[in-house]
Colleague: 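Just dropping this structure here.
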2 protein chains.
Amino acid sequence: MNASHSMPPATTEEQTTSGVSAEHAGVNELFALLAYGEVAAFYRLTEEARMAPNLRGRINMATMAAAEMNHYEVLRDALERRGVDVVPAMTKYASALENYHRLTTPSTWLEALVKTYIGDALAADFYLEIAGSLPEEVASIVRSVLSETGHSQFVVAEVRTAVTASDRQRHRLALWARRLLGEAVTQAQFVLADHDELVDLVMSSGEGLTQLAEFFNRLQHTHHSRMQELGLA
Amino acid sequence: MNASHSMPPATTEEQTTSGVSAEHAGVNELFALLAYGEVAAFYRLTEEARMAPNLRGRINMATMAAAEMNHYEVLRDALERRGVDVVPAMTKYASALENYHRLTTPSTWLEALVKTYIGDALAADFYLEIAGSLPEEVASIVRSVLSETGHSQFVVAEVRTAVTASDRQRHRLALWARRLLGEAVTQAQFVLADHDELVDLVMSSGEGLTQLAEFFNRLQHTHHSRMQELGLA
């Protein structure tokens with residue numbers, strides 16, 4: 001099926017009212033992108049855990065990292081059921097995700113904590129936005145791998161304590177959080193620019209460009225509320 | 001209850017025929033030791049994954065590491081139900097486990113793979129031997145965190161291929177595997193020497209020293225069969 005988004009295919013059992021079929025080529029790409037994201041996050045969390053001031057911090061990071069790999073396994077299995085081998089499928093997304101992490105390498109434990117919290121939340125915003133207009137069988141997989149695990153709640157307490165005690169720390173971390181948002185948006189744009197099937201999936205899943213503009217507004221808004229949660233705004 | 005192993009306490013509802021109660025102080029110690037073992041293995045696997053020749057190898061290591069943290073969570077929850085905070089409880093086992101890993105730092109990817117396979121299996125031998133004579137509620141937790149996940153099966157194929165192609169590699173890895181056994185036994189002895197509650201648990205769980213001698217025989221035997229599986233004996 002090669003239907004373009006400007007001319008959606010006739011509705012069948014497999015499709016939702018959005019016109020996106022579960023067989024859309026972009027779905028495999030979305031799963032592969034998410035899968036690499038989980039692996040990259042796993043290795044970054046374990047790397048950044050070296051900055052933890054104590055065993056409890058290191059364990060919290062390891063627990064979050066393990067959750068990423070559990071999510072990876074869900075995506076790997078979903079791709080397998082669709083006849084796709086996850087490793088070759090996801091390597092094409094390596095550069096964008098590695099670039100994001102390389103350009104946002106934390107230099108302190110607090111920066112690592114903020115990155116975990118803001119980064120996870122931004123990823124969830126992006127993907128859940130797309131999932132909202134996908135067929136339920138696809139959307140439920142996306143939602144399950146982005147589900148709020150509560151693991152990153154330990155971040156809130158630790159960051160709030162630090163920024164309450166120090167204005168300098170608050171300003172510094174607020175700038176850091178803004179930089180995370182900027183790099184995430186930049187890399188998301190690179191990914192979309194390079195992968196037509198993904199663009200097609202995003203565009204055909206709703207009202208296209210209008211929806212995209214609204215999306216970036218919502219992203220700013222939710223980012224701001226998370227900054228408040230952390231005591232950074 | 002301060003019954004020594006030479007004079008087992010009267011049997012109650014909480015006890016099995018082995019005479020070990022689920023309330024035995026050694027049970028908390030056993031869980032704490034296992035918990036630190038999982039965390040140490042997690043960080044070692046992610047460290048050793050750097051030697052992986054490709055993404056698939058790195059992902060296999062990450063998947064195994066994630067399984068260790070899932071097991072850690074089972075132990076943390078079990079200790080919590082027993083009113084014990086896992087982090088302070090397990091720190092006393094840090095030095096023995098970190099020493100084992102430090103003294104068996106692999107210098108090649110194949111050494112890392114062999115360590116994963118042999119090390120996991122040795123740990124399972126040790127703990128399952130103890131679990132065999134513990135009350136079922138305790139034993140089932142020990143068994144669940146040591147359950148064969150099948151994750152390390154990928155090791156067998158890769159090591160066999162390498163040692164079939166090279167006698168030098170086979171000799172080298174056979175020596176390495178023997179060293180892993182030696183260091184594991186040494187560190188296990190250090191742990192027992194330092195922690196009376198654990199010795200008491202092991203001793204009161206069966207026929208004491210006689211059983212211990214038989215245990216080391218069995219350990220040699222199962223170690224040998226694993227060497228054969230890997231093509232190293």
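Below, chains carry the letters A, B, ... as their sequence lines are ordered, and counting in each starts from 1.
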Colleague: Among the options A:E68, A:R50, A:R76, pick out the one with the most heavy-atom pairs lying under 4.5 Å from chain B.
Modeller: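 That would be A:R50.
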Colleague: To the nearest 0.5 Å, what is the distance between CG (A:N70) and CE (B:M69)?
Modeller: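 The distance works out to 11.0 Å.
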Colleague: To the nearest 0.5 angstrom, please state how far the CG atom of B:N54 sits from the OG1 atom of A:T91.
Modeller: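 With rounding to 0.5 Å, CG (B:N54) is 11.0 Å from OG1 (A:T91).
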Colleague: Is B:A65 close to chain A through its backbone or its side chain, or both, or neither, when contacts mean heavy atoms under 4.5 Å?
Modeller: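 Just the side chain, heavy atoms under 4.5 Å.
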Colleague: I need the A:I59 CD1 to B:M90 CE distance, nearest 0.5 Å.
Modeller: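 Reported value, rounded in 0.5 Å steps: 3.0 Å.
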Colleague: Keeping B:Y43 on the side-chain end and A:A49 on the backbone end, is there a donor-acceptor pair under 3.5 Å?
Modeller: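 No.
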